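What follows is a set of notes on a single structure, which appears directly below.
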Amino acid sequence: MNVDILCVGKIKEKYYTDAVNEYVKRLGRYCNIRIIEVADEKTPDKISDSMLDIILEKEAGRLRGYIKDNALKAGLVIRGKAYDSYEFAEMINNAALYGKSYIQFIIGGSLGLHKSILSLCDEHISFSKMTYPHQLMRVILAEQIYRAYRIIKNEPYHK
């Protein structure tokens, strides 16, 4: 299975980068995983709805260049479906069983994802009703993908 984590913005803190890299290394025995970063837009403190849409559309344009038609695409959004770890593992496993060779998880920047990207997604996933920094979300997502593969393979993992 090929897994992409498409992200808007770069990780600035080394400790987040180190954590993501550790999970990418661990995942190497289960899947081909790539982290793909696209540039985020500078956002003024006070922003109108029209400016918000313009910024999100620019970021969406950058993401579109990496989105594969044949992939299972999952956008991370607050109002998405909440999975427990076993359901998340089942979703990943089912993608493979139903002929998908790619899963792409899409994380927006600080303003979220544009509606045009969300409309391309097969799944809308929520990890919480709370808002997390998009940089931390990469760590959480990478850990959950790793946990999912451990579950799929019936391998032990801490709870």
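This structure is a prediction, so every number in the text was calculated from the model and none was measured.
With values rounded to the nearest 0.5 angstrom, N93 atom CG is found 4.5 Å from I152 atom CD1. Summarising the geometry, atom CG belonging to N2 is positioned 8.0 Å from atom CZ belonging to R34; distances are rounded to the nearest 0.5 Å. One distance of note links CD1 of I47 with CD1 of I55; it measures 3.5 Å at 0.5 Å rounding. Atom NZ of K153 is separated from atom CZ of R29 by 9.0 Å, given to the nearest 0.5 angstrom. Rounding to the nearest 0.5 Å places CD1 of I145 at 7.0 Å from SG of C31.
Taking the side chain as every heavy atom from C-beta outward, D53 and K115 approach each other to under 4.5 Å.
Hydrophobic clustering (side-chain heavy atoms under 4.5 Å, transitive across Ile, Leu, Val, Met, Phe, Trp, Tyr) groups I92 together with M137. One hydrophobic cluster holds both V24 and L76 under the rule that ILVMFWY side chains link at heavy-atom gaps under 4.5 Å. Cluster annotation: M130 is not connected to I78 through the hydrophobic network of ILVMFWY side chains, with a link wherever side-chain heavy atoms come within less than 4.5 Å. No chain of hydrophobic side-chain contacts below 4.5 Å, direct or via other Ile, Leu, Val, Met, Phe, Trp or Tyr residues, connects L97 to I151. No single ILVMFWY cluster, assembled from side-chain heavy atoms under 4.5 Å apart, contains both L113 and I11.
Summarising the geometry of P156 relative to R150, their closest heavy-atom pair is O-NH2, 2.6 Å, with the distance given to 0.1 Å. The nearest pair of heavy atoms linking G80 to S126 is O-CB, 3.5 Å. When all heavy atoms of L72 and A95 are compared, the pair lying nearest together is CD2-CB, 3.7 Å. Minimum interatomic distance between C121 and G75 (heavy atoms only, all atoms of both residues): SG-N, 3.4 Å. Residues V139 and A19 come closest through the heavy atom pair CG1-CB, 3.8 Å. Counting all heavy atoms, side chain and backbone alike, S85 lies closest to Q144 at OG-OE1, 2.9 Å.
Under the side-chain contact (heavy atoms from CB on, under 4.5 Å) rule, V77 has a single partner from I117, L118, I125, which is L118.
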- Message: Before you tell me yes or no, could you show the steps for C7 and I35 under side-chain contact (heavy atoms from CB on, under 4.5 Å), namely the whole-Å CA-CA distance, both residues' side-chain angles and the distance that decides it to 0.1 Å?
- Response: CA-CA 7 Å; C7 316; I35 308 291; 4.1 Å; yes

- After noting the C-alpha distance and the side-chain angles of I33 and I5, does the key distance pass the side-chain contact (heavy atoms from CB on, under 4.5 Å) rule? CA-CA 8 Å; I33 185 162; I5 299 177; 4.1 Å; yes

- Evaluation steps, side-chain contact (heavy atoms from CB on, under 4.5 Å), between H134 and V8: CA-CA 8 Å; H134 59 280; V8 175; 5.8 Å; no

- Item | side-chain contact (heavy atoms from CB on, under 4.5 Å) between K81 and M91, worked out | CA-CA 12 Å; K81 180 179 178 181; M91 188 258 312; over 6 Å; no

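Between F127 and F88, the two ring planes are perpendicular [angle over 60°; tilted spans 30° to 60°].
A donor-acceptor pair under 3.5 Å links the side-chain atoms of E87 to the main chain of D84, judged by distance alone. At least one donor-acceptor pair under 3.5 Å links the side chain of N21 to the backbone N or O of T17.
Around CG of D69, the count of heavy atoms belonging to other residues, nucleotides or ligands within 6.0 Å does not exceed 12. Environment of CD in E90: sparse, with no more than 12 heavy atoms of neighbouring residues, nucleotides or ligands closer than 6.0 Å.
Listed by chain and number, the residues in a ring-ring contact (aromatic ring centres under 6.0 Å, His included) with Y30 are Y149 (sequence neighbours excluded). Every residue two or more places apart in sequence or in another chain was checked for a salt bridge (Lys or Arg N to Asp or Glu O under 4.0 Å) with R79, and none qualifies.
The pair E57-R64 counts as a salt bridge, with a side-chain nitrogen and a carboxylate oxygen less than 4.0 angstrom apart. Checked for salt-bridge contact, R62 and E59 miss the test: no charged N lies under 4.0 Å from a carboxylate O.
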Using a 3.5 Å cut-off and no angle test, enumerate the donor-acceptor pairs between side-chain atoms of residues 98-108 and protein atoms at least two apart in sequence or in another chain.
from : atom 1 : to  : atom 2 : distance (Å)
Q104 : OE1    : K68 : N      : 2.9
Q104 : NE2    : D4  : OD2    : 2.9
Q104 : NE2    : Y66 : O      : 2.9

